[in-house]
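Scope of the values below: all heavy atoms of this structure, side chains included, with no hydrogens, waters or symmetry mates.
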Amino acid sequence: MLGRRILEALTTAYGNMIFSSGFIHGDPHPGNIFVLDGGRVALIDCGQVSQIFREQRLLVADAICAAANYDGSPEAIKALADVVRGFGVTFLPGTER
């Protein structure tokens with residue numbers, strides 16, 4: 001299925017960019033993503049990029065895992081809130097439940 005190949009190619013490209021190289025493409029709208037033969041992708045217009053350091057990459061990985069494991073339970077809400085706090089987000093008292 002072509003859609004699945006495109007999604008896998010984008011996931012791999014962004015995963016490598018973020019977790020291996022430590023960079024984030026700052027303008028990933030559909031006009032900056034070319035779909036090539038066989039579902040391969042090409043990312044263009046890398047004029048807006050940002051470097052993220054190891055600690056930030058670990059926070060992104062934690063956020064992805066917390067979101068993937070989210071089931072609406074109080075434990076999952078707390079886990080996700082704890083990860084988000086790592087990015088500097090603050091909550092009003094009692095609003096993270």
Which value, rounded to the nearest 0.5 Å, describes the distance between [X] atom [atom1] and [Y] atom [atom2]?
X	Y	atom1	atom2	value
Leu7	Leu2	CG	CG	11.0 Å
Ile77	Tyr70	CD1	OH	4.0 Å
Arg4	Thr11	CZ	OG1	10.0 Å
Phe19	Arg57	CZ	CZ	9.0 Å
Asn16	Phe23	CG	CZ	14.0 Å

Gln51 to Gln56 - nearest heavy-atom pair and separation | O-OE1, 4.2 Å

Under 3.5 Å, side-chain donor or acceptor atoms of residues 27-48 against the rest of the protein: list the pairs with distances, not counting sequence neighbours.
unit_1, atom_1, unit_2, atom_2, d
Asp27, OD2, Asn32, ND2, 3.2
His29, ND1, Gly31, N, 3.1
His29, NE2, Asn32, ND2, 3.2
Asn32, ND2, Asp27, O, 2.8
Arg40, NE, Asp37, O, 3.3

Does a side-chain heavy-atom distance below 4.5 Å link [X] with [Y]?
X	Y	result
Ile18	Ile52	yes
Arg85	Phe91	yes
Lys78	Asp82	yes
Tyr14	Ile24	no

Joint hydrophobic cluster, Val83 plus Val60, side-chain heavy atoms closer than 4.5 Å | yes

Using a cut-off of 6.0 Å, state whether more than 12 heavy atoms not belonging to Glu55 lie near its atom CD.
-> no

